[in-house]
Amino acid sequence: MTSTITVTRDEAQIRQLITEQANGICAKNLDQIMAHYGSDAVLFDVKPPLQLKGVAAIRQMWESSLPYMPNSSGTEMQDLTITISDDLALAHWMLHYTGIAADHPAAQMWLRITAGYQKRQGEWQILHEHCSRPFNPGC
């Protein structure tokens, strides 16, 4: 059984992990972005190849994507929800890039992110991430 104090501490650690990763993306800091992925993480992204398995594939995707990211940006996060049960956690939120030119593609969309975490050797690691973008089926 997980105590309320443990859940609160774990939730704070996961919130920090999410913030650090977002800051890494905004700073284009590849090592900071990758710091919390488990070696066997799986990522479903908004762009091909859509599914990435393992930290090496995820790192390669970020490495090839960062040149297209704004040189300086921030993020706005809404509706972050974290559910924790023992050594597993699930989080979902919406993310929007801020502080960039209004005509930059990243400024014009909200992303929906769902992530699964596992606590391994006392540290939370990302096991699964799913990033999606709403679309209008009428277009």
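Position 1 is the first residue of the sequence; numbering continues from there.
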According to a 4.5 Å side-chain heavy-atom criterion applied to Ile, Leu, Val, Met, Phe, Trp and Tyr, with indirect links allowed, do L95 and I82 form part of one hydrophobic cluster? yes
Is there a path of hydrophobic side-chain contacts, each under 4.5 Å between heavy atoms of I/L/V/M/F/W/Y residues, joining L90 to I18? no
side-chain contact (heavy atoms from CB on, under 4.5 Å) partners of A89, counting only residues at least two apart: I14, I84, Y117, W124
Is it true that I58 and L127 fall in one hydrophobic cluster, defined by side-chain heavy atoms closer than 4.5 Å? no
To the closest 0.5 Å, what do you measure between CG (L52) and CD (Q60)? 8.5 Å
Can you list everything that forms a side-chain hydrogen bond (donor to acceptor under 3.5 Å, both in side chains) with K47? Sequence neighbours excluded, please. S65
CD1 on I113 to CG on D79, rounded to 0.5 Å: 12.5 Å
Each residue besides W110 in its hydrophobic cluster should be listed here, by chain and number; the cluster joins Ile, Leu, Val, Met, Phe, Trp and Tyr at side-chain heavy-atom distances under 4.5 Å. M94
Sequence neighbours excluded, every pair satisfying salt bridge (Lys or Arg N to Asp or Glu O under 4.0 Å) that has a member inside residues 116-127: D10-K119, D40-R120
Looking at residues at least two apart in the chain, or sitting in another chain, which of them share a side-chain hydrogen bond (donor to acceptor under 3.5 Å, both in side chains) with E76? Q78
Tell me the closest heavy-atom pair linking S73 and C26, and the distance in Å. O-CB, 3.3 Å
Pairs touching residues 50-67 that satisfy salt bridge (Lys or Arg N to Asp or Glu O under 4.0 Å), sequence neighbours left out: D31-R59
Rounded to the nearest 0.5 Å, what separation is found between the NZ atom of K28 and the OH atom of Y68? 10.5 Å
Non-hydrogen atoms of I33 and G24 that approach each other most closely: CG1-C, 3.5 Å
Which residue in the set Q125, Q16, E20 passes side chain to side chain donor-acceptor pair (under 3.5 Å) when paired with H36? E20
Of all residues at least two apart in sequence or in a different chain, which pass the side-chain contact (heavy atoms from CB on, under 4.5 Å) check with E129? Q21, Y37, L43, A115, I126
Partners of L88 by side-chain contact (heavy atoms from CB on, under 4.5 Å), sequence neighbours excluded? Q118
Restricting to non-hydrogen atoms, name the atom on V55 and the atom on G38 that form the minimum distance, rounded to 0.1 Å. CB-O, 3.9 Å
For V42, which fellow cluster members are found when Ile, Leu, Val, Met, Phe, Trp and Tyr are connected by side-chain heavy-atom distances below 4.5 angstrom, either directly or through intermediates? F44
Identify the two heavy atoms, one from P67 and one from S64, that lie closest to each other, and give their separation to 0.1 Å. CD-O, 3.5 Å
By salt bridge (charged side-chain N to carboxylate O under 4.0 Å, His left out), which residues pair with R9, not counting sequence neighbours? none
M109 and V46: side-chain contact (heavy atoms from CB on, under 4.5 Å), yes or no, with the steps? CA-CA 12 Å; M109 64 182 167; V46 294; over 6 Å; no
So which pairs with a foot in residues 90-99 pass side chain to side chain donor-acceptor pair (under 3.5 Å), sequence neighbours left out? none
Steps toward side-chain contact (heavy atoms from CB on, under 4.5 Å) verdict (L66, L30): CA-CA 8 Å; L66 287 177; L30 183 59; 4.2 Å; yes
Scan for salt bridge (Lys or Arg N to Asp or Glu O under 4.0 Å) pairs involving residues 96-108, sequence neighbours excluded, and state none if there are none. none
